[in-house]
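Just below is one structure, and these are the notes that go with it.
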Amino acid sequence: MVCPDHENLKSKLILSNTNLNRQNRVANPHNHQHPHPPSTTAAGNTRAAEQSCLALLQACNTFSKLTQIHTHILKSGLQNNPLVLTKFTATSSDLEVINYATSFLFSPESDTRLYDTFLYNTITRAYAQTNNLKAKAIDVYKLMLERKKLPNKFTYPFVLKACAGIGDLNLGKSVHGSVMKFGFGDEVNVQNTLVHMYCCCRGGEGGIEFARKVFDEMYKSDSVSWSAMIGGYVRVGRSSDAINLFREMQIKGVCPDEITMVSVLSACTGLGALELGKWVESYVEKERVQKNVELSNALVDMFAKCGDVDKATNLFRSMRERNIVSWTSVIGGLAMHGRGVEAVAVFEEMVRSGVTPDDVVFIGLLSACSHSGLVDKGKRYFDSMRKDFSIVPKIEHYGCMVDMLCRAGLVKEALKFVQEMPIDPNPVVWRTLINACRAHGELKLGEKITRQLIRNEPMHESNYVLLSNIYAKMSDWEKKTRIREAMDMKGMKKIPGSTMIELDNEIYEFVAGDKSHAQSKEIYEMVDETGKEMKRAGYMPTTTEVLLDIDDEDKEDTLNRHSEKLAIAFALLNTPPGTLIRIVKNLRVCDDCHSATKFISKIYNREIVVRDRNRFHHFKNGLCSCRDFW
DNA sequence: ATAGGGTTAG
């Protein structure tokens, strides 16, 4: 929705800029000759006009008034009056206003002595909170220093926020230097923003260790410092560190607020730790943390991504205030669980209720269609994005379409779609296509595409894994071995698969061939036993995805040591019969484990919920919710 | 006039 007054103001401001330039050049040559305040009488007049403008701005709280005041400013010829300009920018952080003020700041015709730190700060703040314009905030700040204006305690939170948005570690470090030089290194608010800035900046290794250093050295910290650091760990994917830090925060007796709890919930989401997430939910209830829309959204997302999408939906239904993010979390959550028909229904409900869809919710919707085989529906929604909602599809939307065609087995159509789409396919799109080639037996085509991809992206290990899997399916062990050698030579390693499971408020993690667990012996005996039961029920090990060229018996042994099989055996041993089992895998589940889990769900009468890198698999009675497409 | 948070293809 566009506010009419807002539009009005925009056009006026654009006009006023041209007016002013003309005035400077022709109608008001006075400016050129006397950059200093004009003569006494004129000064008196100016002061009166100035006071009247300031008074008007003081009372201003709506766009419509702002427009009137702007007209007034123009009439009084006070466009570049520093006091008026400062008040104007402080009253409205509307970009047009800010750009307008900035043009004076940078204009060689302006008397720069008249602009003070407040004005620079206000403009820096406005740019710092606007995407794509963070660099301008730094320009304004640098200009301020060049002109020998001293920064004050408000300056650095704004500047550091801009650095965080830009994400350049070297820039951040140099600003940190200025913070110390100007003596703001002891301000808690500045330190908090330093922590946040380092958490957001990358450059070589990334800045999170610098953040931790600032954080550890803080003389006193508050909930903001802890939230910034916890949120930082979440952002870089170090969810366990985030949880550990939260525990430390409780020990230290720092009281978390709703923002802290949002980050803690995100950490649970990252780990897939449902029990931990439920504990956080009860903590929020018990400690009466204010449950605003962001916190509720984080809860909905946590439940969906930790495997309980029904709880996520119920929570969403109970929310009094919802926004587009709430809807997106539910739709995306249902999509991940293969409940595409429901996701589509929720989307339709959203549109009916008057919420305008954005590009993000369409990613969830298209992904829902893809994971549930709703190809025609997906195509219609894809067209409708542009037609009905004026949203230009991005690479993610094209990616969903490619995935949709691939899952439906239409690999050739998917390739044609990629070749004809108006934007360049990215590696993700190619990998989607390659995996589909493997899954649907288009091995030669898959090999060709992967070789090309490796030329463009030689250091991305999943490309090699894909190629290796294609050769395995071709039974070309020689080429497969060569891929492995090539990876070794480049110093690359396959990311080890690992599986997490929660039991009695503990988190257990298994890797392939894991022997570290106290129950290790029983676990392997259980794996053997389930193996025998499964074979009796007709299970055939899928040995084509095993990495090395070894004989079939050894391959089977390798498969049996996969982390998900160990985790499931562990769960069978330690939970009462009939209990639902939830596990979280860091990579995609392999063909063999997928097939084995189906058998186990039937033989042992267990519902097994597996989260893998991309989606959920609900195994029940020998079947999987993904309908074997993944 | 200052700081930290929720959704994003495989």
Side-chain angles (χ1 to χ4, degrees), chain A residues 86-87 89-91 93 117-119 121-126 128 152-161 164 184 187-197 199-200 221-232 234-235 256-266 269 292-302 304-305 323-333 335-336 358-368 370-371 393-404 406-407 426-436 462 466 587-588 612-615 630:
Chain A
T86 304
K87 191 73 192 170
T89 51
T91 307
S93 57
T117 298
F118 190 171
L119 181 61
N121 281 356
T122 316
I123 295 175
T124 304
R125 178 186 60 173
N152 62 20
K153 68 169 184 172
F154 299 109
T155 307
Y156 283 104
F158 299 145
V159 174
L160 288 166
K161 195 173 178 174
F184 294 105
E187 291 271 346
V188 176
N189 296 337
V190 174
Q191 291 172 332
N192 286 345
T193 335
L194 273 170
V195 171
H196 178 240
M197 178 277 289
C199 285
C200 293
S221 50
D222 54 19
S223 71
V224 178
S225 339
W226 289 82
S227 301
M229 198 62 230
I230 292 171
V234 172
R235 208 173 301 111
D257 60 16
E258 72 277 11
I259 297 184
T260 320
M261 297 320 287
V262 167
S263 285
V264 175
L265 278 168
S266 295
T269 309
N292 55 16
V293 68
E294 288 88 353
L295 183 54
S296 299
N297 289 346
L299 276 167
V300 169
D301 194 49
M302 182 276 291
K305 293 212 180 92
N323 58 21
I324 185 76
V325 178
S326 332
W327 291 93
T328 305
S329 294
V330 171
I331 292 168
M336 252 183 261
D358 64 5
D359 56 331
V360 183
V361 77
F362 266 105
I363 294 173
L365 178 66
L366 294 175
S367 153
S370 171
H371 285 267
K394 296 199 293 196
I395 189 67
E396 290 90 341
H397 303 99
Y398 286 98
C400 288
M401 296 311 287
V402 174
D403 187 55
M404 189 181 298
C406 285
R407 279 177 203 275
N426 64 8
V428 180
V429 168
W430 288 122
R431 280 193 283 276
T432 304
L433 206 52
I434 291 163
N435 190 47
S462 67
L466 282 168
L587 306 171
R588 278 166 61 139
D612 77 5
R613 210 183 164 73
N614 296 336
R615 60 164 294 153
W630 81 96

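So you know, we letter chains A, B, ... as the sequences are listed, proteins then strands, and number each from 1.
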| request: Examine the base of dA9(B) for any acceptor or donor lying under 3.5 Å from a partner atom in the side chain of Asp403(A), and report the outcome as yes or no. | output: no
| said: Of the listed nucleotides (dG4(B), dG10(B), dA1(B)), which one gets closest to any side-chain atom of Thr432(A)? | reply: dG10(B)
| task | Would you classify Ser370(A) as touching base, sugar-phosphate or nothing, given that sugar-phosphate means primed atoms plus P, OP1 and OP2, and contacts are heavy atoms under 4.0 Å? | result | nothing
| message | It should be established whether Lys305(A) places a side-chain nitrogen or oxygen under 4.0 Å from OP1 or OP2 of nucleotide dG6(B). | response | no
| said: How many whole angstroms separate atom CZ of Phe158(A) from atom C1' of dA3(B)? | reply: 10 Å
| How is Arg613(A) classified with respect to the nucleic acid when contacts are heavy atoms under 4.0 Å: base, sugar-phosphate, or nothing? | nothing
| said: For a quick check of understanding: with a heavy-atom distance under 4.0 Å over all strands, which category does Asn426(A) fall into, base, sugar-phosphate or nothing? | reply: base
| said: Just to be sure I understand the rule, does Asn435(A) reach a base, reach only the sugar-phosphate, or reach nothing, if contact means heavy atoms closer than 4.0 Å? | reply: nothing
| Between dA9(B) (P) and Met336(A) (CE): distance, integer Å | 8 Å
| field | Any side-chain heavy-atom pair of Ser225(A) and Gln191(A) under 4.5 Å | value | no
| said: Nearest 0.5 Å, please: how far is OG1 in Thr124(A) from NZ in Lys161(A)? | reply: 12.5 Å
| message | Taking any heavy-atom pair under 4.0 Å as a contact, classify Ile395(A): base, sugar-phosphate, or nothing. | response | base
| Contact class for Ser296(A) (heavy atom, under 4.0 Å): base, sugar-phosphate, or nothing? | nothing
| remark: Ile230(A) CD1 to dG6(B) C1', in whole Å, measures 16 Å
| query | Quick one: is Arg235(A) getting a side-chain N or O under 4.0 Å of the dG4(B) phosphate, OP1 or OP2? | reply | no
| said: Among Asp359(A), Leu365(A), Val402(A), which residue satisfies the side-chain contact (heavy atoms from CB on, under 4.5 Å) criterion with His397(A)? | reply: Asp359(A)
| field | Length of the line joining Asn121(A):CG and dT2(B):C1', which is rounded to integer Å | value | 9 Å
| query | Checking all strands, does Thr122(A) fall into the base, sugar-phosphate, or nothing category for heavy-atom contacts under 4.0 angstrom? | reply | nothing
| field | Distance, rounded to the nearest Å, where Met401(A) contributes CE and dG10(B) contributes C1' | value | 15 Å
| query | Can you tell which of dG4(B), dT7(B), dG5(B) lies closest to the side chain of Glu294(A)? | reply | dG5(B)
| Per the atom types in the model, does the base of dA9(B) pair as donor or acceptor with the side chain of Asp359(A) at under 3.5 Å? | no
| query | Side chain of Asn292(A), base of dG5(B): donor and acceptor closer than 3.5 Å? | reply | yes
| note | Testing dG5(B), dG4(B), dA9(B) for proximity to the side chain of Val224(A), the answer is dG4(B)
| What nucleic acid atoms does Phe118(A) come within less than 4.0 Å of, heavy atoms only: base, sugar-phosphate, or nothing? | base
| query | Between dA3(B), dT8(B), dG6(B), which nucleotide has the shortest distance from any of its atoms to the side chain of Thr193(A)? | reply | dA3(B)
| Of the nucleotides dG6(B), dA9(B), dG4(B), which has the atom closest to the Asp301(A) side chain? | dG6(B)
| said: Counting only side-chain heavy atoms from C-beta out, which of dA9(B), dT2(B), dG5(B) sits nearest to Ser367(A)? | reply: dA9(B)
| request: Report the distance from atom CG of Asp257(A) to atom P of dA3(B), rounded to the nearest whole Å. | output: 14 Å
| field | Among dG10(B), dG6(B), dT2(B), the nucleotide that comes nearest once only the side chain of Phe154(A) is considered | value | dT2(B)
| said: Is a donor from one side chain sitting under 3.5 angstrom from an acceptor on the other, for Ser326(A) and Asn323(A)? | reply: yes
| note | With the side chain defined as heavy atoms from C-beta on, Val325(A) is closest, among dA3(B), dA9(B), dG6(B), to dG6(B)
| Criterion side chain to side chain donor-acceptor pair (under 3.5 Å) on Thr155(A) and Asn152(A), from CA distance to verdict | CA-CA 5 Å; Thr155(A) 307; Asn152(A) 62 20; 3.1 Å; yes
| task | In whole angstrom, give the distance that lies between atom CG of Leu433(A) and atom C1' of dG10(B). | result | 12 Å
| task | Examine dA9(B): is either OP1 or OP2 under 4.0 Å from a nitrogen or oxygen in the side chain of His371(A)? Give yes or no. | result | no
| Does a nitrogen or oxygen in the side chain of His397(A) sit under 4.0 Å from OP1 or OP2 of dA9(B)? | no
| remark: Residues at least two apart in sequence or cross-chain that pass ring-ring contact (aromatic ring centres under 6.0 Å, His included) with Phe362(A), listed by chain then number, are Phe347(A), Phe389(A)
| Asn614(A) CG - dG10(B) C1' separation (whole Å) | 5 Å
| note | Which of Asn189(A), Thr193(A), Val195(A) passes side-chain contact (heavy atoms from CB on, under 4.5 Å) with Leu160(A)? Answer is Thr193(A)
| said: By the 4.0 Å heavy-atom rule, please label Glu187(A) as base, sugar-phosphate, or nothing. | reply: nothing
